[in-house]
Structure formats: structure tokens, C-alpha cells
Novice: 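Here it is, the structure in full.
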Amino acid sequence: MAVDAARSEEGFTSARAARVMAAACRAAGLDDRGAELIRLGENALFRLASAPVIVRVARGKEWLPKARVEVDVSRWLGNEGFPAAQIVEDLEQPRLIDGHPVTFWHLIVEGGRKATYGELGGVLRDLHSLTVPDRLSLPSFNPFGKQDLRVDRAVIPDDDKVFLRKRWHELRKKYTELSFETSKGPVHGDAHVQNLMVDEQGRVILIDFEAFCYDHPEWDLMVTAVEHHSLGWQTDEQYADFVAAYGRDLYDWPGYETLRGIQEYGMTTWLMQNVQENEETAAEYRRRIAGLRNDDAPRDWRPW
């Protein structure tokens with residue numbers, strides 16, 4: 001079974017994901033005709049034409065525990081009245097199809113605008129104030145859990161693999177030396193503004209619970225802090241809105257540089273998985289790996 005799972009992830013392309021999605025829909029009694037691929041990253045996301053449903057296909061069997069966490073978190077947040085993506089309750093969740101965990105989600109009809117960084121700060125503040133119930137078993141945040149797997153299976157030059165493995169060990173050492181200032185609680189784990197949606201009623205909704213965990217809130221703050229201070233993806237005004245809404249700027253924390261290294265490494269290896277999809281993705285990966293090789297160089301990375 002482990003060999004089959006490895007093969008399934010090594011061949012995780014948009015075409016394979018579409019075949020898995022179609023099989024999952026048939027098993028669930030849904031019509032996959034006209035389904036549209038809307039994102040290929042850690043998962044493949046398809047929007048059905050036949051029903052207001054999003055089908056989420058994970059890369060391999062190893063992701064099944066994460067899919068179970070996603071389902072449990074969605075139910076918990078829904079019961080809390082927290083504005084979050086909701087699973088389709090009358091379907092078996094998750095399903096394992098040809099070595100790939102599959103989940104089904106209610107489509108969020110967007111209202112025509114994107115969420116702001118101030119709204120992101122407010123959502124994270126509210127999320128971090130929640131109390132996780134004893135019945136909800138959440139993992140700790142593990143910034144290294146998937147990285148070695150990604151590097152082993154990536155279709156990249158051997159020299160890049162050698163460098164990434166060396167950087168992986170360096171970051172792990174720095175990680176063990178971190179001293180957090182906060183208590184643990186619910187953490188989204190991938191808290192960038194693209195994981196917020198604004199629906200037709202103007203509600204800001206949190207999505208994508210794959211990395212959801214029980215840990216220090218710094219892991220959620222690092223995403224926007226790195227995007228601003230290192231990559232320059234937000235204006236000073238946007239970042240100021242984020243900090244004002246949440247009440248803290250992670251850049252002032254002594255552990256920021258370690259978290260910056262972890263975040264940039266994860267952003268690079270995440271994109272690296274899809275270098276075979278098209279030249280645009282491959283070019284962005286080359287841009288990012290070049291940046292990792294020179295910590296002091298300006299980052300000209302593009303949002304993805």
C-alpha cells in the first residue's frame with residue numbers, strides 16, 4: 001500500500017486529479033460532467049457544474065489524517081458559529097479514491113471583492129480566542145512534516161535537492177531554539193489572505209483547514225509578516241491594517257528570522273511540486289530557489 005501511495009503522489013498531475021475527482025463523484029452520487037479545476041497546489045480543487053460543490057483531492061494516502069482533521073474542524077467551527085467553509089454533511093467524508101483522500105465542500109459564492117488584510121487580522125484574532133474542545137484532536141504545527149517528502153519526489157536538479165536537504169537540517173536546528181511568548185490554541189496553519197473569501201452577503205469566510213493545528217499563534221502571523229517584510233507583497237498601509245486588527249507585529253519578535261526561513265522554504269517546496277505543469281510554474285520555482293540560496297538578496301518572488 002505504501003508503494004501505491006507513493007506512486008499516486010509522484011504522478012499527481014491535473015489530469016490524474018481529474019480522474020480521481022470523477023471517480024469520487026460517481027461514488028458519492030454526484031455528476032462530475034463540466035467540473036472545472038480551479039486550483040492545483042497541495043490539493044486539486046474542482047468546482048462542479050452540476051451542484052454548488054467543491055471537490056478537494058489530496059496528493060496521496062499520507063494526507064488522509066489531514067483530510068480527517070479538515071472535516072472535524074469544519075464541523076467544530078460551524079457549531080461555534082465561526083464564519084468558515086462547510087463540508088457537505090450528507091456525504092461520507094473523507095473518501096479514499098485510488099490512494100487519494102477526497103472531500104466535498106459547499107461552494108462559497110463570492111460577492112465580487114477580495115478580503116482585506118485588516119479583515120485577515122481580525123479573523124485570526126477571533127480564531128485564536130476560541131477554546132478547542134477536548135473531543136477535537138488536533139496535531140501540533142509541524143513545519144517540516146512534508147518537506148522531505150516533497151524534496152524526495154520533486155522533479156528538480158540533484159543540486160537543488162542537496163541544497164534543500166541541507167537547508168532543511170539548518171532550519172530544524174533553529175526551530176528547536178525558538179522560545180514562544182504565547183500560549184497554545186487553535187491555529188489555521190496557512191493564514192494568508194487568499195484563504196479568506198467574501199460571500200454574496202459580505203461575510204468574510206475562512207477556508208482551507210489542511211494545516212489546522214493546536215499550537216502557538218505566531219505560526220499564523222508569520223505568513224503575512226514574511227510576505228510584507230521579506231517579499232514586499234503588501235503596501236505599508238495594508239500591513240499596518242493587519243497589525244492594527246490583530247494587535248501584534250511579529251517582525252518585532254526575536255524569532256521572526258527563523259520563521260521567515262521556514263516560511264520561505266515552505267513556499268518554495270510547495271510550488272516545486274508542480275514544476276512539470278507548465279513553464280510559468282517552473283520559472284517561478286527557479287526564482288524562489290535562487291532566492292533561498294542568497295538570504296540577503298532582494299526577493300522578486302511572485303504571488304501564486
Side-chain angles (χ1 to χ4, degrees), residues 1-25 32 34-48 54-64 66-67 70 94 96-103 143-168 171 190 192 194-195 208 210-211 227 231 233 262-294 299-304:
M1 292 296 291
V3 173
D4 290 341
R7 286 175 177 169
S8 71
E9 179 161 344
E10 286 173 355
F12 192 72
T13 62
S14 54
R16 179 180 179 85
R19 291 193 294 271
V20 172
M21 178 275 299
C25 285
D32 68 286
E36 176 189 3
L37 176 67
I38 57 175
R39 186 165 181 81
L40 179 66
E42 204 69 76
N43 302 269
L45 272 64
F46 294 88
R47 178 169 50 224
L48 298 187
I54 296 292
V55 183
R56 187 179 178 94
V57 181
R59 284 184 170 266
K61 187 177 180 180
E62 297 94 334
W63 270 247
L64 184 58
K66 290 183 176 294
E70 289 181 270
L96 190 64
I97 303 293
D98 196 17
H100 297 274
V102 180
T103 50
F144 305 104
K146 296 176 292 189
Q147 306 299 356
D148 54 344
L149 194 65
R150 288 175 176 175
V151 174
D152 287 345
R153 296 174 177 176
V155 185
I156 58 173
D158 288 341
D159 183 58
D160 283 359
K161 290 191 176 186
V162 170
F163 167 78
L164 287 169
R165 291 189 181 107
K166 181 174 182 291
R167 176 59 61 90
W168 185 83
L171 289 171
D190 191 21
H192 54 76
Q194 287 79 18
N195 275 334
D208 190 359
E210 175 193 325
E227 287 181 353
L231 306 178
W233 286 359
I262 290 171
Q263 176 68 8
E264 291 183 351
Y265 186 92
M267 293 172 70
T268 301
T269 60
W270 172 81
L271 187 75
M272 173 187 73
Q273 300 173 105
N274 294 327
V275 293
Q276 290 182 295
E277 280 293 309
N278 51 60
E279 175 54 28
E280 186 179 10
T281 303
E284 179 62 23
Y285 163 71
R286 292 192 294 269
R287 188 177 294 113
R288 293 187 182 187
I289 192 71
L292 289 192
R293 289 178 181 274
N294 185 352
R299 298 291 195 255
D300 60 348
W301 301 5
R302 299 173 184 174
W304 212 258

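Values below: every heavy atom of this structure, side chains too, minus hydrogens, waters and symmetry copies.
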Novice: Sequence neighbours left out, what passes salt bridge (charged side-chain N to carboxylate O under 4.0 Å, His left out) with Asp159? Give chain and number order.
Specialist: Arg293
Novice: Can you tell me how far CZ of Arg56 sits from CG of Asn43, rounded to the nearest 0.5 angstrom?
Specialist: 4.0 Å
Novice: Are any of the side-chain heavy atoms of Phe46 and Asp32 separated by less than 4.5 Å?
Specialist: no
Novice: For Ala35 versus Met21, what's the shortest heavy-atom pair and its separation?
Specialist: CB-CE, 3.6 Å
Novice: Is the shortest side-chain N to carboxylate O distance from Arg19 to Asp98 below 4.0 Å?
Specialist: no
Novice: Any side-chain to backbone donor/acceptor pair from Arg287 onto Ala282? Under 3.5 Å, distance only.
Specialist: no
Novice: Could you state the interatomic distance from CG (Leu271) to CH2 (Trp304), rounded to the nearest 0.5 Å?
Specialist: 6.0 Å
Novice: State plainly whether the residues Glu70 and Lys66 are in salt-bridge range, i.e. N to O under 4.0 Å.
Specialist: no
Novice: Does the side chain of His100 reach to within under 4.5 Å of the side chain of Trp63, using non-hydrogen atoms?
Specialist: no
Novice: How far does CD of Glu284 sit from OG1 of Thr281, to the nearest 0.5 angstrom?
Specialist: 8.5 Å
Novice: Look at Glu62 together with Arg150 and state whether they make a salt bridge at an N to O cut-off of under 4.0 Å.
Specialist: no
Novice: Residues two or more places apart in sequence or in another chain: which of them pass salt bridge (charged side-chain N to carboxylate O under 4.0 Å, His left out) with Arg165?
Specialist: Asp152
Novice: Going from CG on Leu171 to CZ on Phe144, what distance comes out if it is rounded to the nearest 0.5 angstrom?
Specialist: 5.5 Å
Novice: Compare every heavy atom of Leu40 with every heavy atom of Asn274, then report the nearest pair and how far apart it is.
Specialist: ND2-O, 3.2 Å
Novice: What closest approach, in Å, do Arg299 and Gly291 show between heavy atoms, and which atom pair accounts for it?
Specialist: NH1-O, 3.0 Å
Novice: Is there side-chain contact between Asp160 and Met272, with heavy atoms separated by less than 4.5 Å?
Specialist: no
Novice: Working to the nearest 0.5 angstrom, can you tell me the gap between Leu292 CG and Trp301 CH2?
Specialist: 4.5 Å
Novice: Could you tell me which non-hydrogen atom of Asp190 sits nearest to which non-hydrogen atom of Asn195, and how far apart they are?
Specialist: O-ND2, 2.8 Å
Novice: Would you call Glu279 and Arg286 a salt bridge, taking side-chain N to carboxylate O under 4.0 Å as the test?
Specialist: yes
Novice: Looking only at heavy atoms, which two atoms of Ala24 and Ile97 are closest? And how far apart?
Specialist: CB-CG1, 3.8 Å
Novice: Will you find, in the side chains of Arg288 and Thr268, an N or O donor that is under 3.5 Å from an N or O acceptor?
Specialist: no
Novice: Can you find a heavy atom in the side chain of Leu164 that is under 4.5 Å from one in the side chain of Ile289?
Specialist: yes
Novice: About how many Å separate CG of Leu231 and CE of Met267, when rounded to the nearest 0.5 Å?
Specialist: 5.0 Å
Novice: Which heavy atom in Gly60 sits nearest to a heavy atom in Pro101, and how many Å separate them?
Specialist: O-CD, 3.1 Å
Novice: Do Val102 and Pro94 come close enough that some side-chain heavy atom pair is under 4.5 Å?
Specialist: no
